[in-house]
Chemist: 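To start, I am sharing the structure in question, which I have written as structure tokens.
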Amino acid sequence: MERTFIGDLSIANSRVRVCGWVQEIRRLKNILFIILRDSTGLCQLTIKGDMIEPWMDQIQRESVLCAEGENIKDGISKAGREVSVTSLELLNGARSPLPLAPFDPVKADIETRLNNRFLDLRRKDHLAIFRIKSSLLYGIRKFLHSQNFIEVQTPKVVASATEGGADLFAVKYFESNAYLNQSPQLYKEILISAGFERVFEVGPAFRAEKHNTTRHLNEFTSVDIEMGFSDHNDAMAVLEQAVSAGIANVLAERSLDLTAVGKAISLQKTPFPRISFSECCDILSGQGQDHNVEEDFSPEELKIIGDRFEGFYFITGWPSSLRPFYTMPDQKDPQFTNSFDLQYREKEITSGAQRVHDPELLKERFLAKGLNPEDFDFYIKAFEYGMPPHAGWGHPVIGLERLTMILLDLQNIRETSLFPRDRTRIKP
RNA sequence: GCCUCGGUAGUGUAGCGGCCUAUCAUACGGGCCUGUCGAGCCCGUGACACGGGUUCAAAUCCCGUCCGAGGCGCCA
């Protein structure tokens, strides 16, 4: 008999076969109730009197089984859906005790949850995070496609011989040493020279930073774009629209999951507010916190700045000392750059900028950052044979996981990664 | 890398020198109960991360190891 999804149970099908996981068992003298869960919902299985066999008393929670029986029209169960069982088949039992009981009233630590993620994700509010994340990304993808961006895949194993900023994970590559890429930056720029004009990439990025916070991961999903014949203002416009498109898609597709997570989100109108780095410094001075222009804002300072905004906003015009070599200096004042960060209150989401496209200036910038241009010959070469002015953005810190975290107001980035990689965790 | 805090039954916790052969909840096992639905009631099983030290006495204090959490820093 064909399986019916629990969510599809209706009066129309009175004989049904449902399959799923055992969420609860309630045993009375002459009646046995099993709350069965599949990906679409819950229903109650009712097994009466003679139908109860001894093995049924041994069924453990979270076991997988199928039941056939009559779909009761007016379910007496408060679960709404109820099947009066005529045959029950255990497909695969679950061991007891469970290392993590997803449906116990007691909440488990994040560590216990991550160690037993396959059980943790059986909760619909935990699964919902990933449905929302998927929907968010789909909305961003659809938007970028509509703007003629080409989705690309660039190498994650790279030969970068230097350590400019973030630490890289070293890997053996046959006879050579290689690294896991921390950003598709160099490759997406090369593709601009190649004439792609507009590219985007969604892929893993790796940072070997020994940070230990609730907002960093060592492996995350970066969403990056690069666009030719464009400047930082063009890139900001694409970014705010892409983020909005993602959120709009979540609102359109995932209202039930938002309810499950218990978070109401709304669409912020574009354009998002812009504030310059210098203006931020003025705000801090006004609060008696003079800020050194050579330094990034501390979490505390970002809180002060973020408090002035409802949600998303851009901080523009960052000092060149705080920005990577490929960032275009501001022609009016080269101490600053044509750059921006997208912020949500005190949290940084995305960094972007107009890029340097002149190979001579690029070499200068390498030297100014203490890097050897020769180590980047494959990259600079692409600038010497017709590189258009270009701009783009990407995720210097976290990316898709952080955006999901911010959107759902989650307290730990690890909630948004199925199998997070952090300072100490590489399993599961 | 720095700082702070912590590791007690399957899970989450109380206890913080002798009252601990360790609390409570939940889970698990058994019993009662034809309809429960956070089921209820009764009974039961189950734990002090590891090693060393102080003390008449250590879950409790000290040292080390391992594991973890949070904050800061780092974060082409």
Chemist: Do His216(A) and Glu209(A) get their side chains close enough for a donor-acceptor pair, meaning under 3.5 Å?
Modeler: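 Note: His216(A) and Glu209(A) side chains miss the donor-acceptor criterion.
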Chemist: Do we see a donor-acceptor contact under 3.5 Å between the side chains of Arg425(A) and Asn115(A)?
Modeler: yes
Chemist: List the atom of Gly317(A), the atom of Phe277(A), and the distance in Å for their closest heavy-atom pair.
Modeler: O-CB, 3.2 Å
Chemist: Is a donor-acceptor contact shorter than 3.5 angstrom present between the side chain of Glu82(A) and the base of G35(B)?
Modeler: yes
Chemist: For C2(B), which nucleotide in any strand shown is its Watson-Crick or wobble partner with both distances under 3.5 Å?
Modeler: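 Answer to the pairing question: G71(B), which forms a Watson-Crick or G-U pair with C2(B).
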Chemist: For a quick check under 3.5 Å, do Arg198(A) and Ser230(A) share a side-chain donor-acceptor pair by atom type?
Modeler: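 The answer is no; no qualifying pair exists.
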Chemist: Given atom CG of Leu98(A) and atom P of G10(B), what is their separation to the nearest angstrom?
Modeler: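 Atom-to-atom, Leu98(A) to G10(B), this comes out as 13 Å.
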Chemist: Should the side chain of His211(A) and the base of C74(B) be counted as holding a donor-acceptor pair, with the cut-off at 3.5 Å?
Modeler: no
Chemist: Ignoring hydrogens and geometry beyond distance, is the side chain of Asp104(A) in donor-acceptor contact with the base of G10(B) at under 3.5 Å?
Modeler: yes
Chemist: Using purine N1 to pyrimidine N3 plus N6-O4 or O6-N4 for Watson-Crick, or N1-O2 and O6-N3 for G-U wobble, each under 3.5 Å, what pairs with U23(B)?
Modeler: none
Chemist: Remember a base hit wins even if backbone is also touched, and classify Arg95(A) as base, sugar-phosphate or nothing at under 4.0 Å, heavy atoms.
Modeler: nothing
Chemist: Without decimals, in angstroms, what is the distance between Asn116(A) CG and A27(B) C1'?
Modeler: 15 Å
